[in-house]
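Keep in mind it's a predicted model, so treat the numbers as computed, not measured.
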Amino acid sequence: MAGLLDDPARRRALAGIALAVGATLTFTASTVAAVFSYEGGGEPLAAISARYVGAMLVFVPLLHFTGIGLALPRRERLISLALGGLAAIQAYCLYTSIAHIAVGLTFAIFYIYPILVALIAIAFRQDRITPAIAVGLVVAFTGLILVFDVTGEGPNLWGSLLAIGAAISWSILVIASGGVLRTQDPRLFTFHLQISAGLIYLAICLIAGDVALPQTVKGWAGLITLPLFYAVSMLGFFGAIALIGSIRASLLMNLEPVFSIAAGFLILGQVLTPLQLAGAALVIGAVLAVRIEEARPGAQDADSG
């Protein structure tokens, strides 16, 4: 073991893997925290607002004391702030979805986004259709049919559509963010997303006037810890990108649906049917297969991370 750690490149790779897996676990924890908030009487608007505003408060001192600073060039700053609006839509869809359907189902559906990113890149002639993508689409679609359990009652339709909306909006954001992420620190880009998305939700809260907050200790614990878990997950994810690259970091993040299904069962008491579990496995497997294919030497990295 000591010999393995003597190699700086291996240490770097292991550290990147650890950060990515840690980011996956903490993002799953932030989702569970949101569910605790809902169960305590809070509404998605409160959870999303806490996520962005709280994470922004965490990012400011971290970026400052690590010497990165807070400023982006004017053009990149405006693009990042504008994309914060898209991030706000994605967060609404994702967090409202988990208020209607099981966490595992939400993320099994949401994680079709890497394939959607590839399709968008193909549509704009940034990439081309490959056999892996074509097969992945068919397998993922088959998996979604099972996830929706079309032979039975199936999950809540509105919750499922929201998860699809989250996948679509995040896919567009990933493609659109490519120009900024090629030249700027991803952490600064993420921080500026928090600013505009946080301001949007603060404005919505002021307009709504009466935002339902949790009424239990467990609910408040979820609301308070949610932005902390979220901020740690973002820092871990972008730290992993710096160490092992965006493709490998994103590939490891595809473990999240597995962790979400496990957390839904072990912590939240959410049970999926055998067909839905099989469908989730097909969706996750299809996405992983496509990402592994993309990670081959010479393959184009369509995902900006």
Side-chain angles (χ1 to χ4, degrees), residues 27-28 30-49 51 85-120 136-174 197 200-201 204 208 211-212 219 222 226 254 256-265 267-287:
F27 195 81
T28 301
S30 75
T31 304
V32 172
V35 176
F36 283 168
S37 175
Y38 301 160
E39 291 177 347
E43 62 176 301
L45 179 56
I48 300 169
S49 301
R51 161 178 151 161
L86 196 56
I89 294 172
Q90 184 266 344
Y92 170 81
C93 291
L94 189 69
Y95 276 67
T96 308
S97 175
I98 63 176
H100 290 279
I101 62 176
V103 167
L105 286 182
T106 292
F107 282 94
I109 297 169
F110 173 67
Y111 267 83
I112 64 171
Y113 88 80
I115 296 178
L116 295 180
V117 167
L119 288 177
I120 294 171
L137 285 171
V138 173
V139 174
F141 181 73
T142 303
L144 286 178
I145 291 176
L146 296 178
V147 163
F148 294 150
D149 193 10
V150 294
T151 59
E153 294 182 2
N156 178 279
L157 178 60
W158 177 235
S160 301
L161 291 175
L162 284 167
I164 293 173
I168 293 172
S169 54
W170 186 252
S171 301
I172 296 171
L173 191 153
V174 166
I200 287 170
Y201 278 104
I204 293 173
V211 179
L226 189 160
N254 281 299
E256 187 179 345
V258 179
F259 292 151
S260 296
I261 290 171
F265 176 72
I267 301 173
L268 303 173
Q270 298 173 342
V271 180
L272 304 185
T273 68
L275 272 180
Q276 289 171 330
L277 284 172
L282 281 176
V283 172
I284 296 165
V287 172

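- Taking SG of C93 as the reference point, atom CD1 of I168 lies at 9.0 Å (rounded to 0.5 Å).
- Side-chain contact between L277 and I261 is present, with at least one heavy-atom pair separated by less than 4.5 Å.
- Here the closest non-hydrogen pair linking G159 and S97 is O-OG, 2.8 Å.
- Annotation for L226 and R51: closest pair CD2-CB, 3.3 Å, computed over non-hydrogen atoms.
- Between atom CD1 of residue I200 and atom OH of residue Y92 there is a gap of 14.5 Å, rounded to the nearest 0.5 Å.
- In plain terms, the two heavy atoms of I109 and A167 that are nearest each other are O-CB, 4.3 Å.
- The two residues A263 and V32 have their closest heavy-atom pair at CB-CG2, 3.9 Å.
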* To do: For ring pair (Phe, Tyr, Trp, His ring centres under 6.0 Å), just list the numbers for Y113 and Y111, CA-CA rounded to whole Å, side-chain angles, deciding distance to a tenth of an Å, and then say yes or no.
  => CA-CA 5 Å; Y113 88 80; Y111 267 83; 5.5 Å; yes

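- Counting heavy atoms from C-beta on, the side chains of Y95 and Y38 come closer than 4.5 Å.
- In this structure, T106 OG1 and I164 CD1 are separated by 11.0 Å, a value rounded to the nearest 0.5 Å.
- S49 and Y201 get closest at one heavy-atom pair: OG-CB, 3.4 Å.
- Put simply, the side chain of T31 gets close to the backbone of F27: a donor and an acceptor are under 3.5 Å apart.
- If you take CZ on F107 and CG on L94, they are separated by 4.5 Å, rounding to the nearest 0.5 Å.
- Note that CD1 of I172 and CD of Q90 are 11.5 Å apart. Values are rounded to the nearest 0.5 Å.
- In this structure, OG1 in T96 is found 9.5 Å from CD in E43, a value given to the nearest 0.5 Å.
- L162 approaches H100 most closely through the heavy-atom pair CD1-CD2, 4.2 Å.
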